[in-house]
There are 2 protein chains.
Amino acid sequence: MSKITINDIAKAAGVAKSTVSKVLNDAASISDETKRKVRDIMKEMNYTPSSIATQLARQSSFNVGLLIDLSRKDDFLNHFFYAIIGGIESVIGKHQYELTICNASSESSSQQDSPAFMNRLVRNGKVDGLIMDSSIWTAETERLLAELQFPYVLIGDAPAEVTYSAVDIDNENGGRLLAAHLIERGYRRLAFIGGEGAGEPLFDRRVGGCANALREHGLTFDPRLVMAGTANEATGRLFMEQLLALPAEEQPDAVICMNNYTAFGALAAAHAAGVSIPTQLGIATFDDYPLAPYTNPPLTCLKMDTFELGVQAAQMLMTRISEPALSAEQRLIPAALITRASTDR
Amino acid sequence: MSKITINDIAKAAGVAKSTVSKVLNDAASISDETKRKVRDIMKEMNYTPSSIATQLARQSSFNVGLLIDLSRKDDFLNHFFYAIIGGIESVIGKHQYELTICNASSESSSQQDSPAFMNRLVRNGKVDGLIMDSSIWTAETERLLAELQFPYVLIGDAPAEVTYSAVDIDNENGGRLLAAHLIERGYRRLAFIGGEGAGEPLFDRRVGGCANALREHGLTFDPRLVMAGTANEATGRLFMEQLLALPAEEQPDAVICMNNYTAFGALAAAHAAGVSIPTQLGIATFDDYPLAPYTNPPLTCLKMDTFELGVQAAQMLMTRISEPALSAEQRLIPAALITRASTDR
DNA sequence: CATCACTAGGAAACCGGTTTCCTAAGTCTA
DNA sequence: TAGACTTAGGAAACCGGTTTCCTAGTGATG
């Protein structure tokens with residue numbers, strides 16, 4: 001028993017295949033009686049239309065692609081992206097779209113020739129739209145996609161004059177929230193740990209947000225307390241040691257960390273030095289990894305709603321697919337402050 | 001300028017479309033000269049064949065589906081699955097397949113009628129094969145897939161008499177490794193914390209593996225020290241408190257935790273009680289979350305190579321797709337013991 | 001009763017490839 | 001040089017839907 005097709009149904013129902021197709025699409029020109037009859041036969045024969053044939057006829061794949069760097073094995077970004085996937089799926093599923101995930105390691109995309117996914121996914125019609133991590137972005141990629149007028153949405157930091165759609169976490173306001181919280185709790189001399197440093201958009205946004213909050217309260221960062229470096233545990237530990245080695249009056253009374261790794265390192269170094277948290281020193285951090293609530297003391301975090309990020313990216317993409325004429329749009333997803341004991345004084 | 005098709009190329013090259021198709025597939029019956037000529041024109045006209053048309057003609061989607069429960073937002077399983085995705089992609093990409101991710105929340109699959117993905121993905125031909133998390137599995141699903149002779153591979157624990165392909169982490173041997181390590185370090189009275197309890201396959205495998213190692217060294221679990229409960233931080237904390245409340249001679253000298261959450265809880269409770277780790281008490285745990293190396297002391301972990309899990313699952317699926325006649329196969333991925341300070345005595 | 005508008009449904013072209021089958025020309029052999 | 005065999009490439013059917021266009025039949029209207 002090979003696969004049942006629309007022709008088998010047409011034959012069994014004694015109607016034309018075009019009629020069956022119209023029943024499938026609930027066309028108005030088919031009588032209720034015929035519809036019922038044909039549908040009964042479909043059910044009886046256990047028929048499911050081939051989506052590939054539909055795709056060819058409709059000239060649409062009903063697929064969207066997600067382009068991310070899957071080659072990072074144990075990166076802390078993993079659970080971030082996993083939630084994004086869930087968010088995307090929850091939106092496109094309602095539109096009968098499926099999600100195709102494609103690896104695009106940021107290194108391998110050689111600048112000169114077009115990246116592999118352009119043929120594998122875009123030009124051959126495997127997907128109708130693309131959501132891509134901004135780390136994949138290159139000027140060449142943008143040029144190619146624009147030339148094809150292909151709908152896409154970027155996730156993450158977008159260049160200043162964007163001509164395309166993009167969603168990101170509101171890191172600037174996130175930094176503001178963290179700093180404002182610390183100030184409100186009475187901390188006055190804030191330090192910042194981690195990140196590539198000025199020039200890195202993420203760093204600039206986050207530090208900038210903190211600085212804004214400080215300014216609004218008549219304070220500023222002591223530049224020596226803003227310490228840039230790869231945002232990992234070792235860095236957090238090292239920088240915290242350096243901060244604690246400063247003369248007492250120059251030491252910060254609170255630290256904002258670039259992510260939970262740096263926060264773990266900072267926390268460990270503070271413990272090792274016998275500094276009491278949150279009394280002597282407050283620690284707050286961007287991101288909220290699953291284990292962050294269980295440190296000692298639990299860490300005050302800025303939680304990124306990455307599921308929502310996926311939701312919004314998918315919504316924007318679906319809009320661009322259905323209405324290509326609309327102009328590009330940028331959105332920021334607010335981050336939420338989760339106050340815990342590490343700043344509770 | 002609408003999309004270039006095979007007909008355009010045929011016209012431009014002055015050959016039949018069948019010839020162009022043969023060039024695309026590098027057929028032997030086409031002369032090198034013709035191939036070169038046609039390929040030049042393809043390049044010149046910037047032609048990419050429509051994969052949807054190919055799919056229809058070849059009766060194959062060149063897609064595999066991954067069915068997981070995406071509705072769990074912040075679950076600790078997230079980074080687990082993310083790595084699996086990467087592993088799968090790395091294999092199927094080489095076969096020119098793409099990966100379609102589909103949400104199948106384990107709750108929503110009502111027992112009676114066939115789950116949504118059967119129509120959305122399988123019967124309509126959107127994918128040629130399926131990798132699914134074992135939590136999605138139901139007898140009904142298996143029946144339907146078997147009836148269609150549809151290739152699929154399960155990830156995670158498989159029932160005893162499996163008739164289908166499955167891959168899992170070798171939890172039994174993992175438990176053995178953890179327990180053997182503790183014994184080797186001189187710990188003698190082991191406890192186990194977390195898991196749903198006897199009957200849950202994961203629990204049985206892990207505890208069973210530990211028990212085997214004990215037996216091999218002439219030891220056994222004191223049944224009162226095997227404590228089942230939802231594997232989270234609160235449970236780890238509570239059970240550790242209970243263990244430490246036992247009379248001194250009944251207390252364990254080492255604890256094996258079901259996952260990093262329980263380990264965090266256990267660690268916190270031990271600290272709170274002033275127990276010194278690893279001297280008085282050893283702590284080892286299944287799983288190795290990104291932050292586990294940075295606890296105080298760093299946790300001895302059993303690292304699951306979930307990327308490899310994805311790789312093997314994908315390999316098995318590709319084999320089943322290309323050679324459906326082969327019989328089902330089960331594989332176990334070895335887990336790796338990472339010794340850190342929490343058991344270093 | 002003749003004409004018209006409207007309705008339900010059918011025939012055929014189409015989407016863009018693949019595959020089978022066939023033929024004309026060239027090569028080999030006797 | 002005739003007949004058999006090989007080879008390169010073309011024509012057409014096919015994959016399974018969708019869509020356009022057309023027609024037969026019905027009811028309404030003057």
Side-chain angles (χ1 to χ4, degrees), chain A residues 1-39 41-42 45-63 96 119-120 122-128, chain B residues 1-39 41-42 45-63 96 119-120 122-128:
Chain A
M1 59 125 251
S2 77
K3 202 83 176 61
I4 304 291
T5 75
I6 197 172
N7 291 301
D8 303 320
I9 301 296
K11 215 162 291 170
V15 300
K17 66 187 283 200
S18 55
T19 302
V20 179
S21 172
K22 286 167 188 165
V23 171
L24 280 175
N25 296 288
D26 202 21
S29 71
I30 305 294
S31 70
D32 287 350
E33 190 188 358
T34 304
K35 281 182 184 169
R36 208 177 28 68
K37 182 180 68 180
V38 173
R39 288 198 179 116
I41 292 187
M42 286 177 178
M45 299 181 71
N46 207 1
Y47 166 70
T48 310
S50 153
S51 68
I52 295 180
T54 307
Q55 288 169 37
L56 181 59
R58 292 242 181 95
Q59 294 287 82
S60 163
S61 69
F62 297 97
N63 262 86
Q96 324 280 19
N119 284 323
R120 251 184 75 189
V122 174
R123 315 222 9 212
N124 66 3
K126 270 229 167 188
V127 302
D128 295 343
Chain B
M1 56 128 252
S2 76
K3 201 89 175 56
I4 304 291
T5 75
I6 197 172
N7 291 301
D8 303 320
I9 301 296
K11 215 162 290 172
V15 299
K17 67 189 280 200
S18 54
T19 302
V20 179
S21 172
K22 286 166 187 165
V23 172
L24 280 175
N25 296 288
D26 202 21
S29 71
I30 305 295
S31 70
D32 287 348
E33 190 189 355
T34 304
K35 280 182 184 169
R36 209 179 26 67
K37 181 181 67 179
V38 173
R39 287 196 180 119
I41 292 186
M42 286 178 178
M45 298 181 70
N46 206 1
Y47 167 69
T48 311
S50 153
S51 68
I52 296 180
T54 306
Q55 287 170 37
L56 181 59
R58 291 240 181 97
Q59 293 287 84
S60 163
S61 69
F62 296 97
N63 263 88
Q96 324 279 18
N119 284 323
R120 248 183 76 189
V122 175
R123 315 222 10 213
N124 65 4
K126 270 229 168 188
V127 301
D128 295 344

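Note that this is a predicted model, so its numbers are computed, not measured. We name chains A, B, ... by the order of the sequence lines, and we start the count at 1 in each one.
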Between the side chain of B:S51 and the main-chain N/O of A:N124, is any donor-acceptor distance below 3.5 Å? yes
Taking only residues two or more places apart in sequence, or in another chain, which ones meet B:S21 in a side-chain hydrogen bond (donor to acceptor under 3.5 Å, both in side chains)? none
With a 4.5 Å cut-off on side-chain heavy atoms, are A:K126 and B:N63 touching? yes
Within residues 49-61 of chain B: residues closer than 4.0 Å to DNA chain C (heavy atoms): B:P49, B:S50, B:A53, B:T54, B:L56, B:A57, B:R58
Counterpart residues, side-chain hydrogen bond (donor to acceptor under 3.5 Å, both in side chains), relative to A:S61 (two or more places apart): A:D128
Partner set under ring pair (Phe, Tyr, Trp, His ring centres under 6.0 Å) for B:Y47, not counting sequence neighbours: none
Going by the rule salt bridge (Lys or Arg N to Asp or Glu O under 4.0 Å), which residues pair with B:R58 if we only count those two or more places apart in sequence or in a different chain? none
Can you list the residues that meet the salt bridge (Lys or Arg N to Asp or Glu O under 4.0 Å) rule with A:D26, with sequence neighbours excluded? A:K35, A:R39
Dump every N/O contact between nucleotides 6-12 of chain C and the protein below 3.5 Å, one line per pair.
residue : atom : partner : partner atom : Å
C:dG9   : OP1  : A:S31   : OG           : 3.3
C:dG9   : OP1  : A:T34   : OG1          : 2.2
C:dG9   : OP2  : A:S31   : N            : 2.7
C:dG9   : OP2  : A:S31   : OG           : 3.2
C:dG9   : OP2  : A:T34   : OG1          : 3.1
C:dG10  : OP2  : A:A16   : N            : 3.0
C:dG10  : OP2  : A:T19   : OG1          : 2.3
C:dG10  : O6   : A:K22   : NZ           : 2.6
C:dA11  : N6   : A:S18   : OG           : 3.2

Going by the rule side-chain hydrogen bond (donor to acceptor under 3.5 Å, both in side chains), which residues pair with B:T34 if we only count those two or more places apart in sequence or in a different chain? B:S31
Rounding to an integer number of Å, can you tell me how far B:I9 CD1 sits from C:dT18 C1'? 17 Å
Nearest-angstrom distance from the residue atom CG of A:N25 to C1' of D:dG17: 9 Å
Describe, as an angle rounded to 10 degrees, how the axis at the first end of the helix from C:dC1-D:dG30 to C:dA30-D:dT1 is tilted relative to the axis at the last end, five pairs per end. 50°
Using side chain to side chain contact (heavy atoms under 4.5 Å, CB included) as the criterion, list what pairs up with B:R120, not counting sequence neighbours. A:E89, A:E98, B:C102
The criterion is side chain to side chain contact (heavy atoms under 4.5 Å, CB included); which residues satisfy it with B:A57, sequence neighbours excluded? none
Note, B:Q59 side chain near A:K3 side chain (heavy atom, < 4.5 Å): no
Do any side-chain nitrogens or oxygens of B:N7 fall under 4.0 Å of OP1 or OP2 in C:dG17? no
For B:L24 and C:dT19, what is the distance between atoms CG and P respectively, to the nearest whole Å? 11 Å
What's B:T5 touching, base or sugar-phosphate or nothing? Going by heavy atoms closer than 4.0 Å. sugar-phosphate
